[in-house]
Amino acid sequence: TELKTVAAKPEGPFADVLDHLSRLVLKEQNGRLRDALKNVLSTGACSTGQHDDPWLFQKLCMAGVLAGDSHKSCRFRNDVYRQHIHNLLT
């Protein structure tokens, strides 16, 4: 549908929410959040480098970004977030 086509774009209907998410990810100084989100994209696990990060998984779940049973098996809550984070970090 047309909504799926424009949903994750900067000028799309969710621009304010995605802009806020972008600022959170990009302003973080130590890179743990970026690493964890990259790993969710590639492996489905919320980990930073060689370490699992259950605390960061819980934080991202409470923020509505991730869903899943554990930090070892998770996904983005919706495809708009997944696509936006993919575009932001790749």
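A continuous path of hydrophobic side-chain contacts links V17 to L33 [ILVMFWY only; heavy atoms under 4.5 Å].
Residues L41 and F76 are in side-chain contact: their nearest non-hydrogen atoms beyond the backbone lie under 4.5 Å apart.
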Considering only distance and modelled atom types, tabulate donor-acceptor pairs under 3.5 Å from the side chains of residues 80-90, sequence neighbours left out.
| unit_1 | atom_1 | unit_2 | atom_2 | d |
| --- | --- | --- | --- | --- |
| R82 | NE | D79 | OD1 | 2.7 |
| R82 | NH2 | D79 | OD1 | 3.0 |
| H84 | NE2 | L18 | O | 3.2 |
| H84 | NE2 | S22 | OG | 2.6 |
| N87 | ND2 | Q83 | O | 3.4 |
| T90 | OG1 | H86 | O | 2.5 |

Please tabulate, one pair per line, all N/O donor-acceptor pairs under 3.5 Å involving side-chain atoms of residues 59-75, not counting sequence neighbours.
| unit_1 | atom_1 | unit_2 | atom_2 | d |
| --- | --- | --- | --- | --- |
| S70 | OG | K72 | N | 3.1 |

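Pairs of residues two or more places apart, or lying in two chains, that qualify as side-chain hydrogen bond (donor to acceptor under 3.5 Å, both in side chains) and include a residue from residues 40-49 are N39-S47.
Distance CZ/R32 to SG/C46: 9.0 Å, rounded to 0.5 Å.
Evaluation of the side-chain hydrogen bond (donor to acceptor under 3.5 Å, both in side chains) rule for D19 yields R23 as partners, not counting sequence neighbours.
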